[in-house]
Amino acid sequence: MSTSKTTQPPMDPGTGEADRLQLDLARAQGDAYGRALAHMTNEVANDGGAQEAGDYVVGYAVEEAEGMYEYVDGNATWRDPEDENVHLEVSVRDRADGRFVPAVRVTATLVAPDGTDAGTHQLPLLWHPMIYHYGRNVRVPSDGEYTLRVHVDPPTFMRHDEVNGKRFLEPVDVEFTGVSVSRGQD
């Protein structure tokens, strides 16, 4: 996943809500998140990439399906992959400063090498000891070069600052081609 610097925040440091130091601190958070993404993509995942779209940088990583806790009847219950054979991860970052954007609805569609739709999935927010991301385990029919289409709906969270807070208002769609998918189990 790209860790290149994103553009300067399109924010006015003189609005009373965000001064230059605060914007620098936001970029430092984004830089730290970017280093974690680079580690996940370069050291952990089988494949990954990123591209700018609107106010966001949308990235992905693909790795073997993995176990995780999920809530069942109010209790955290460990669940190992069953039929799933791939773990699909998507990061949604602020294009201006690189910070993780929470509370977006992410939907991902995988298109198999033969052109058939291999499934569309909503990707919930996942906590990881190193990095927040959106993701889930999915089942794909074969190894190969897939197309990944990601749709991100804007977050509904409240925003500070009348000038700088008018961001993340439009949905975005990105497409990654040549996504190398290797099934972790059959």
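All values derive from a computational prediction rather than experimental measurement.
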*Is the closest side-chain heavy-atom distance between Leu126 and Met68 below 4.5 Å?*
yes

_Evaluation steps, side chain to side chain contact (heavy atoms under 4.5 Å, CB included), between Leu23 and Asp97_ = CA-CA 8 Å; Leu23 297 178; Asp97 57 33; over 6 Å; no

*asked:* Any non-hydrogen side-chain atom of Tyr146 less than 4.5 Å from a side-chain atom of Pro113?
replied: yes

*State the OG1-CD distance between Thr41 and Glu43, to the nearest 0.5 angstrom.*
10.0 Å

*Using salt bridge (Lys or Arg N to Asp or Glu O under 4.0 Å) as the criterion, list what pairs up with Glu17, not counting sequence neighbours.*
none

*Nearest-0.5 Å distance, OH of residue Tyr132 to OH of residue Tyr33*: 10.5 Å

*Same cluster for Phe100 and Trp127 if Ile/Leu/Val/Met/Phe/Trp/Tyr side chains link at under 4.5 Å?*
yes

*Which heavy atom in Ala50 sits nearest to a heavy atom in Val57, and how many Å separate them?*
CB-CG1, 4.0 Å

*Compare every heavy atom of Ala96 with every heavy atom of Arg167, then report the nearest pair and how far apart it is.*
NH2-CB, 3.4 Å

_Closest heavy-atom pair and its distance - Pro102, Pro155_ = O-CB, 3.8 Å

*CD of Glu63 to CG of Asp47: how many Å apart, nearest 0.5 Å?*
11.5 Å

*Indicate yes or no: at least one non-hydrogen side-chain atom of Asn137 is less than 4.5 angstrom from one of Glu66.*
yes

_Is the shortest side-chain heavy-atom distance between Ile131 and Glu89 below 4.5 Å?_
no

*Checking Arg159 side chain against Lys166 main chain: does a donor-acceptor pair fall under 3.5 Å?*
no

*Over 60° means perpendicular and under 30° means parallel, so classify the ring planes of His133 and His128, tilted if in between.*
tilted

*asked:* Do Leu37 and Leu125 sit in one hydrophobic cluster, given that two such residues count as connected whenever their side-chain heavy atoms are within less than 4.5 Å of each other, even indirectly?
replied: yes

*Report yes if some heavy atom in the side chain of Leu148 is under 4.5 Å from a heavy atom in the side chain of Leu88; otherwise report no.*
yes

*To the nearest 0.5 angstrom, please state how far the OG1 atom of Thr120 sits from the NE2 atom of His151.*
11.5 Å

*Side chains of Val58 and Val90: closer than 4.5 Å at any heavy-atom pair?*
yes

*Rounded to the nearest 0.5 Å, what separation is found between the CD atom of Gln22 and the CG atom of Asp24?*
10.0 Å

*asked:* I want to check something: taking the side chain as every heavy atom from C-beta on, are Val140 and Arg183 in contact at a cut-off of under 4.5 Å?
replied: yes

*asked:* Can you confirm whether the side chains of Asp114 and Thr116 place a donor and an acceptor under 3.5 Å from each other?
replied: yes

_Contact check, side chains of Phe168 and Phe157, non-hydrogen atoms, under 4.5 Å_ = yes

*If every non-hydrogen atom of Ala53 is compared with every non-hydrogen atom of Val172, which pair is closest and at what distance?*
O-CG1, 3.6 Å

*Say whether, by atom type as modelled, one donor and one acceptor occur between the side chain of Glu84 and the main chain of Glu82 under 3.5 angstrom.*
yes

_Using every non-hydrogen atom in the two residues, find where Gln51 and Glu175 come nearest and quote the distance to one decimal._
NE2-O, 2.9 Å

*asked:* Using every non-hydrogen atom in the two residues, find where Asp153 and Val104 come nearest and quote the distance to one decimal.
replied: O-CB, 3.4 Å

*Applying the 4.5 Å side-chain criterion to the ILVMFWY set and letting contacts propagate, would Met130 and Val62 be lumped into a single cluster?*
yes

*Roughly how far, to the nearest 0.5 Å, is CD of Glu64 from CG of Asn46?*
6.5 Å

